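Predicted model only: the values in this text are computed from it and were never measured. Worth knowing before you read on, the calculation uses all heavy atoms, side chains too, and leaves out hydrogens, waters and symmetry mates. A note on names: the letters A, B, ... follow the listed sequences, proteins ahead of strands, and every chain is numbered from 1.
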Amino acid sequence: GCGSTSDSSSASGSGENGGSVELTNVSYDPTRELYEAYNKAFAAHWKEQTGQDVTVTQSHGGSGKQALEVANGLEADVVTLALEGDVDAIKDAGLIEDGYTEEFDNDSAPYTSSIVFLVRKGNPKNIQDWDDLLRDDVGVITPNPKTSGGARWNYLAAWYYFEKQGQSEEQIKESMKTLYSHVLVLDSGARGSTTSFVENKQGDVLLAWENEAFLSLEEYPGEYEIVIPSVSILCQPTVAVVDEVVDSRGTRDVATEYLNYLYSDEAQRLEAENFYRPSNEEILKEYTSDSESRTITEIPEDNKWIVSDGFELTNIDHFGGWTEATEKHFVDGGIFDSIYEEK
Amino acid sequence: MSTQSCKAGLPKLSVASDKEGFALKQNEQSGAVKWLLIAFSAVFLAVMLVLPLVYVLITAFREGIQPYLEAVTDKYALKSIQLTLEATVIAVIVNTVFGLFASWSITKFQFRGKKIISTLIDLPLTVSPIIAGLIYVLTFGRQSFLYPYLKSAHISIIYAVPGIVLATIFVTFPFISREIIPVLTAAGKDEEEAAALMGAGGWTIFRRVTFPHIKWALLYGIVLCTARAMGEFGAVSVLSGHLRGKTNTMPLYIELLYQGYDFTGAFAVSSILVVMAIIILVLRSVLEYRGRKNEE
Amino acid sequence: MKKKRKQRRVIPGFGLSLGITVTLLSLIVVIPLCSLVVFSSQLSFSEFIETITSPRVLASYRVSFQTALIASLINAVVGLIIAWVLVRYQFPGKRIMDGLIEVPFALPTAVAGISLTHMTVDSGWVGSIFHKFGIEIAYTRIGITIALVFIGIPFVVRSVQPVLEKLDPQYEEAASMLGAGRTYSFFRIIFPEIFPALVAGFTMAFARSLGEYGSVVFIAGNTPFKTEITPLLIMSQLQEYDYASATSIALVMLAAAFLILFVNAVLQSRASKIVSGIG
Amino acid sequence: MEKNYYVELKGVNKSFGSFQASKDISFGIEKGKLIGLLGPSGSGKTTILRMLAGLETADSGDIIIDGKVVNDVPASKRGIGFVFQNYALFRYLTVYENIAFGLKVQKWPKDKIRARVEEMLRLIGLEDTAKRYPNQLSGGQRQRIAFARALAPQPQLLLLDEPFAAVDAKVRQELRSWLREMISAVGVTSIFVTHDQDEAIEVADEIIITNQGHIEQIGTPKDIYRQPDTPFVAQFIGQSSIVEDFRRFAGFAHAGSNATRAAVRPEYISVSKQGEPLRFPVNTETGVVERTAFRGSEIELTIRVKDTLLTAKRLLDDTPVSVGETVRVFIYRLYAFDNEKAYVIENEALTSPDSVVI
Amino acid sequence: MEKNYYVELKGVNKSFGSFQASKDISFGIEKGKLIGLLGPSGSGKTTILRMLAGLETADSGDIIIDGKVVNDVPASKRGIGFVFQNYALFRYLTVYENIAFGLKVQKWPKDKIRARVEEMLRLIGLEDTAKRYPNQLSGGQRQRIAFARALAPQPQLLLLDEPFAAVDAKVRQELRSWLREMISAVGVTSIFVTHDQDEAIEVADEIIITNQGHIEQIGTPKDIYRQPDTPFVAQFIGQSSIVEDFRRFAGFAHAGSNATRAAVRPEYISVSKQGEPLRFPVNTETGVVERTAFRGSEIELTIRVKDTLLTAKRLLDDTPVSVGETVRVFIYRLYAFDNEKAYVIENEALTSPDSVVI
Ligand SMILES: Nc1ncnc2c1ncn2[C@@H]1O[C@H](COP(=O)(O)OP(=O)(O)OP(=O)(O)O)[C@@H](O)[C@H]1O
Ligand SMILES: Nc1ncnc2c1ncn2[C@@H]1O[C@H](COP(=O)(O)OP(=O)(O)OP(=O)(O)O)[C@@H](O)[C@H]1O
Ligand SMILES: [Mg+2]
Ligand SMILES: [Mg+2]
Ligand SMILES: O=S(=O)([O-])[O-]
């Protein structure tokens with residue numbers, strides 16, 4: 001009973017009016033709520049523009065894992081992943097053409113984010129910064145950098161902190177090892193970690209996407225607090241059209257528009273409301289507060305949730321871009337592996 | 001090699017026997033031990049098996065009936081139920097066909113390679129579901145030599161419904177044959193020989209002579225196969241691609257809800273799965289009880 | 001002597017049934033399993049050895065084997081008691097108890113995993129009790145073990161139960177006529193009779209536990225070196241696109257499953273040699 | 001005057017649910033005797049044996065062994081040897097361990113156990129099987145091991161439930177004599193159950209005949225064979241033809257008692273060809289041979305006499321008789337019975353003085 | 001001159017793996033005869049039957065039924081009735097459906113099936129069991145149903161594999177005569193397998209004796225009983241005592257042939273008390289009675305004669321003989337055998353003119 005033709009290839013032309021089209025968006029873990037909202041907006045937009053009904057099928061999971069599944073045959077028209085490095089993996093498999101980062105604005109990152117700490121109400125362990133994670137009484141929750149994009153950002157942010165402390169590479173590795181030895185649960189995706197921390201009450205601190213942390217604040221008002229470390233990293237989730245798939249399914253137009261529309265004002269606001277930082281400076285400002293407090297206990301009434309000052313954000317360029325960073329830290333036998341191997 | 005070894009592999013659902021004979025009499029002498037053991041068993045089963053069931057149901061209705069209904073009638077929930085049922089039905093059909101033919105050839109004929117075949121039939125029982133998923137990824141994925149052909153024929157197997165069905169078939173593959181083979185082995189082949197001698201054809205022999213012997217074993221095999229197929233998580237998870245509404249079976253959808261902070265939804269869908277499985281188990285008991293009664 | 005005539009098969013349907021059997025078997029089991037071997041051969045032998053003996057992998061074997069072993073041992077003991085209770089005693093609620101044994105089959109592993117996790121976290125129904133005594137269940141090996149006990153219990157009960165039911169009461173009567181007490185005759189006479197079935201049930205539970213994923217991922221902390229089971233490691237290798245490692249480790253697991261089955265087969269054949277002369 | 005019984009049952013009853021398997025069973029057995037419990041299937045033989053052994057509890061009545069009422073003594077404490085129908089040898093123990101089992105339980109010292117087991121093995125002539133498992137033995141050998149196992153702890157009473165049921169015809173024959181000799185050699189009081197009359201007659205010192213839960217007759221094999229007490233025994237024992245109205249036969253017309261039916265055994269019928277000299281010329285009947293069957297050493301004849309079919313035998317070396325031939329039939333003796341009792345009745349020719357003998 | 005055989009086997013061989021279960025089997029059976037295949041367990045009886053039925057394929061040799069070589073005719077087309085050892089009744093079909101099965105397969109019209117099944121049920125006297133399932137019948141009843149099922153499609157040849165093995169001793173006795181009569185009534189050529197000589201002797205027109213895969217002797221029961229051809233048959237048939245050097249016995253010193261061993265059957269031994277008149281005063285031996293056993297209608301004596309134990313019988317009504325008594329023993333006849341053949345040897349007293357008869 002195997003071998004029926006896949007039903008995801010049933011795009012019925014992109015005729016001027018009427019008809020329908022299906023699109024598959026393979027994304028990373030925390031964007032579930034964002035794309036649920038965005039897909040509605042986009043459907044309306046596309047209907048208006050072409051008269052076609054568009055149905056978007058979502059798939060979420062650890063970003064790295066998602067990328068590999070796409071590379072391995074999961075038929076995604078577009079990927080909206082946690083980092084460029086993951087899209088590169090798909091590119092390396094030959095599914096995406098070179099130069100995809102130039103295809104859309106802002107290096108094909110329609111929204112950005114950063115890494116923050118989520119702690120329990122009242123911050124009982126008084127966790128303020130990265131070095132607090134080295135304390136023996138602190139249990140840390142973060143996903144597996146091998147499979148999760150967020151986890152890689154977490155890792156690099158921590159690395160950068162220790163670097164800033166003036167530690168040598170050996171010392172940094174030592175610190176990282178200590179940090180990871182405090183990790184209680186190493187899930188395969190950001191959402192898995194959030195569940196472990198929030199629902200299953202594991203650990204004292206969750207290293208989280210900013211958006212994920214705010215979402216928890218929203219879902220569990222009064223139960224958690226966000227602590228912004230003194231140093232973090234600007235996360236640039238990257239989107240791309242999967243050329244091989246759209247070409248074979250004839251969905252390039254809608255797929256391209258799907259990603260393009262992420263930069264529209266409507267979408268940018270939607271992203272901000274889902275706690276992603278819009279790439280549109282104007283809209284970014286609408287949500288930026290002037291507070292300098294690095295502890296956030298609730299979502300501000302005025303919806304200005306973005307704290308812009310009082311801490312330093314590095315970015316991937318500091319690590320020489322994703323190719324280099326992956327090569328050094330995350331490949332098999334990279335630094336991350338060595339952190340585990342020597343136990 | 002594993003033909004024999006797995007003989008006791010699949011649990012037998014047996015109707016509790018009433019004849020106690022000697023044992024009962026002896027136990028009269030040591031009521032204390034008896035009740036101690038019964039109590040131990042009851043507590044163990046209550047905590048290990050009943051409590052999780054109760055937990056699922058209670059959590060499902062924690063927020064009342066309305067959210068429950070919403071959760072289980074959600075578009076994606078219905079899709080996942082449909083997919084699960086599809087995969088289960090196909091797996092049961094394939095495995096029933098396989099089970100019947102396999103047990104027929106193994107118990108009614110002598111041939112070379114029989115041992116190997118029975119070993120291979122049992123193999124999926126001991127293979128981790130993850131590995132079960134993995135082998136299909138390897139066989140049909142992009143890096144497989146088959147991929148270009150599949151691609152040009154527009155056939156998707158992994159990260160699509162066929163992969164899910166395949167994985168489900170694999171993990172439940174031996175369930176039915178393993179129930180039937182011991183019954184047929186015990187029954188021997190005299191009756192079939194007698195029928196063949198009288199000139200009966202294969203189908204007649206099967207329908208009139210063999211089938212009545214195996215019907216309860218077959219029913220039990222189907223029940224186990226169904227229950228396991230509906231609940232399969234690991235193998236399907238590897239192959240699914242988690243496309244919401246397309247390749248999410250119920251267990252995967254439950255995971256998705258669970259991770260989307262929708263615990264009510266997760267447990268609501270779980271409760272459906274639990275109830276379906278319990279219905280099947282009960283149905284089977286009733287059918288078997290009735291059938292056995294009729295036979296007497 | 002003339003060449004032997006070919007044995008005619010009396011019962012019809014040999015070609016058809018064997019044909020269908022072999023075809024399905026090849027398509028669903030044999031060919032896919034072969035790709036496992038093919039893929040693991042991407043690695044050289046030394047790489048293969050290195051992969052399957054790297055510290056994290058070794059640690060995952062330890063976790064998997066340890067928890068599976070403990071769980072199956074618990075199952076062997078508890079399963080034996082339950083089977084005994086179900087066969088030998090008459091008490092109210094017996095039928096229900098008998099029907100319950102199948103619950104782990106009916107309850108999907110993921111659901112089982114989630115609900116067991118919820119129950120055993122520090123704030124859970126069961127976890128809170130143990131938490132008072134400083135025992136953590138969820139996200140520890142204890143949790144994994146509990147999940148494995150859950151999925152393994154029917155194997156033991158259902159393999160011992162029929163043997164116990166069929167066990168001729170005369171063995172016990174004979175022992176008691178020779179003056180043996182109940183305990184003595186249980187260990188000397190009954191136990192050897194049900195031992196092969198117990199081993200078979202234990203083996204199945206063990207093999208299943210080694211491979212179990214669904215119920216364990218939720219309750220295991222999934223922390224490398226501590227609570228990462230081998231199937232999860234294979235899963236993460238898979239998700240890391242490291243097929244060579246995934247298949248290598250999968251091969252080890254497969255070999256382990258075979259070994260377990262083989263040991264069982266040897267024990268069964270020993271037992272059957274003693275009682276029937278055919279090994 | 002009461003005898004000095006070693007084993008005694010007094011008014012024992014036993015029901016399974018509403019079915020009464022033993023009805024008011026009373027009998028006594030002297031020390032050293034070998035008793036056969038004989039009866040049709042389901043007549044309650046095994047039940048009696050199991051109550052004696054303590055494997056079943058009597059509903060009422062007393063079981064007395066060696067002067068002690070043992071009603072409340074558990075099976076394991078009665079010190080009785082029991083040989084089960086299918087032996088119930090422990091399958092996972094070797095022959096040696098099987099025989100040693102009872103001794104180990106009684107905590108005999110190791111060397112004594114060894115000596116005793118070896119002695120038993122010698123006794124049953126199976127010294128070289130000590131290390132084997134039961135399934136590696138033939139049926140007859142297993143039977144002997146079961147016997148040795150039961151005897152090893154030196155019980156004062158040995159019970160055997162159909163000890164020969166599971167062995168095949170040829171071996172059974174040998175085993176019977178063997179067991180008979182063994183038991184008299186050891187001198188243990190024994191009761192064995194059988195539903196085969198040849199077996200009971202051949203092996204037992206005394207036979208207890210059971211039927212539908214009660215005892216029909218107790219006596220030596222010869223008594224039982226020659227003097228059946230009840231209609232059941234008259235018909236059950238021997239290979240009888242049943243005659244509806246025996247008074248029609250010459251020589252039985254004036255028999256006392258009002259019984260009309262009778263059992264006639266082949267060995268009490270003499271068949272002569274026309275012209276052969278007759279021992280009792282009076283009271284012979286004529287009959288027509290309906291069937292002859294070769295029975296190895298004899299020829300079995302089915303003869304119609306006065307509309308009744310009788311079975312008789314002639315020796316192989318006698319002049320052959322053929323089907324349809326008219327022959328002369330003389331019935332020496334028959335067992336008449338009514339609903340309650342059986343009576344031995346001899347042909348009047350044997351008892352009245354006016355019968356002429358040539 | 002060749003007989004007109006209905007069934008014939010010519011040089012048939014069959015091996016299972018390296019084990020040769022049938023060695024050069026050749027025999028012929030006339031139409032309408034009832035043949036017994038008799039031999040010890042494992043001697044290849046079932047194998048022969050199964051090859052005839054087509055359930056097993058002979059490695060070489062021809063099987064001829066009704067003049068046609070059927071080697072290549074499949075079992076289902078040979079039109080043979082087969083009664084399996086354990087009946088192989090269809091457990092999930094009623095008695096009626098069991099008997100009707102073969103007819104349905106042959107697409108008989110419904111009303112004819114009904115008529116035939118009812119006829120068969122009447123024939124076997126089980127009209128009222130039609131609706132029952134096999135497990136609701138007794139062993140003897142099942143046997144009859146199996147028989148009816150095999151006969152219903154009117155086969156020309158009926159094969160029965162140990163038809164009485166599964167029923168108990170008393171029922172077996174009845175069934176034997178029943179079957180014998182049934183088969184002669186129906187007139188179907190039949191072959192039945194047994195390992196019980198009494199059964200074969202009683203039921204069969206002709207007996208084929210098998211041993212270790214080959215045929216030892218073919219003949220009527222009487223022939224086989226009286227004239228065993230081979231050492232195996234001489235020992236296998238009857239209840240013989242084996243004598244190591246029979247020439248030591250008076251009356252056998254000058255027997256031709258160089259055989260030394262012999263089988264002596266009880267019925268060829270006459271035992272007389274001292275003082276009883278002797279039929280053959282010459283060539284008697286004296287012996288000491290070692291054991292007497294009551295055997296119902298007879299007394300079995302074990303007598304030591306010239307250091308050899310002989311089994312003999314005396315009638316119950318003869319003057320009793322007691323253990324230790326010296327008696328006179330006359331052996332009429334014995335079966336001497338060497339490694340290849342058996343010879344009937346009569347006591348010289350019976351053949352030489354100088355023996356005196358009183
Ligand atoms: N445990 C029991 N429960 C119910 N009925 C029983 C039980 N044991 C024996 N019976 C019944 O009691 C009757 C006598 O049984 P018992 O075994 O003593 O007969 P038996 O003379 O030994 O027969 P057989 O020769 O067949 O062994 C039978 O009708 C049997 O069905
Ligand atoms: N299918 C088989 N495979 C191997 N050996 C066989 C097979 N069938 C029969 N044999 C062997 O062939 C020999 C003859 O077997 P067969 O069944 O013909 O004996 P039999 O005379 O019918 O014995 P019994 O009286 O025990 O039924 C036996 O030694 C048996 O083990
Ligand atoms: Mg009995
Ligand atoms: Mg046979
Ligand atoms: O969604 S993650 O890739 O950040 O796990």
As an exercise, state the distance from [atom1] of [X] to [atom2] of [Y], rounded to the nearest 0.5 Å.
X        : Y        : atom1 : atom2 : value
B:Leu134 : C:Met235 : CG    : CE    : 10.0 Å
B:Ile254 : C:Phe218 : CD1   : CZ    : 9.0 Å
C:Ile82  : B:Ile38  : CD1   : CD1   : 12.0 Å
B:Phe233 : C:Glu212 : CZ    : CD    : 10.0 Å
C:Ser17  : B:Leu100 : OG    : CG    : 10.5 Å
B:Leu45  : C:Asp98  : CG    : CG    : 10.0 Å

Using a 3.5 Å distance criterion without hydrogens, assess whether the side chain of B:Lys34 forms a donor-acceptor pair with backbone atoms of C:Gln90. yes
Specify the closest pair of heavy atoms between [X] and [Y], including all atoms of both residues, with the distance to one decimal.
X        : Y        : answer
C:Pro92  : B:Trp35  : CD-CH2, 4.5 Å
C:Ile11  : B:Lys189 : CD1-CB, 3.9 Å
B:Thr139 : C:Pro32  : OG1-CA, 3.4 Å

Could you go through the side-chain contact (heavy atoms from CB on, under 4.5 Å) check for B:Trp104 and C:Ile20 one step at a time? CA-CA 11 Å; B:Trp104 184 265; C:Ile20 291 181; over 6 Å; no
In terms of heavy-atom proximity below 4.5 Å to chain C, should [X] be classed as side chain, backbone, both, or neither?
X        : value
B:Val50  : side chain
B:Ile121 : both
B:Phe173 : side chain
B:Ala42  : both
B:Leu138 : both
B:Val269 : neither
B:Pro124 : side chain
B:Tyr55  : both
B:Leu49  : both
B:Leu51  : both
B:Ile279 : neither

Testing C:Val22, C:Thr21, C:Leu25 one by one against B:Leu120 for a side-chain contact (heavy atoms from CB on, under 4.5 Å), which residue passes?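 Of the listed residues C:Val22, C:Thr21, C:Leu25, the side-chain contact (heavy atoms from CB on, under 4.5 Å) partner of B:Leu120 is C:Leu25.
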As a test of understanding, state which of C:Leu107, C:Val126, C:Val111, C:Ile114 forms a side-chain contact (heavy atoms from CB on, under 4.5 Å) with B:Pro52.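 That would be C:Leu107.
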Atom group of [X] that falls short of 4.5 Å from chain B, counting heavy atoms:
X        : result
C:Leu238 : side chain
C:Val10  : both
C:Phe14  : both
C:Val163 : neither
C:Phe150 : both
C:Thr23  : neither
C:Leu116 : side chain
C:Ala250 : both
C:Val149 : both

Quick check for you: among [options], which has the greatest number of heavy-atom pairs under 4.5 Å with chain C?
options                                : value
B:Phe40, B:Phe206, B:Phe263, B:Trp203  : B:Phe40
B:Gly231, B:Ser41, B:Ala277            : B:Ser41
B:Ala46, B:Ser105, B:Ala227            : B:Ser105
B:Arg228, B:Met276, B:Glu192           : B:Arg228
B:Phe109, B:Phe267, B:Tyr136, B:Phe170 : B:Phe109

Could you tell me which of [options] has the largest number of non-hydrogen atom pairs under 4.5 Å with chain B?
options                                : answer
C:Val103, C:Val263, C:Val78            : C:Val78
C:Val266, C:Leu24, C:Ile234, C:Ile28   : C:Ile28
C:Val199, C:Ile260, C:Thr247, C:Val157 : C:Thr247

Are there over 12 heavy-atom neighbours, none belonging to B:Leu146, within less than 6.0 Å of that residue's CG?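 Check passes, neighbour count above 12.
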With a 4.5 Å cut-off on side-chain heavy atoms, are [Y] and [X] touching?
X        : Y        : answer
C:Ile153 : B:Phe44  : yes
C:Leu18  : B:Ile117 : yes
C:Arg208 : B:Leu125 : no

Could you walk me through whether B:Phe145 and C:Val38 pass side-chain contact (heavy atoms from CB on, under 4.5 Å), step by step? CA-CA 11 Å; B:Phe145 74 98; C:Val38 171; over 6 Å; no
As a quick check of understanding, evaluate side-chain contact (heavy atoms from CB on, under 4.5 Å) for C:Thr203 and B:Thr126, giving each step before the final call. CA-CA 10 Å; C:Thr203 313; B:Thr126 53; over 6 Å; no
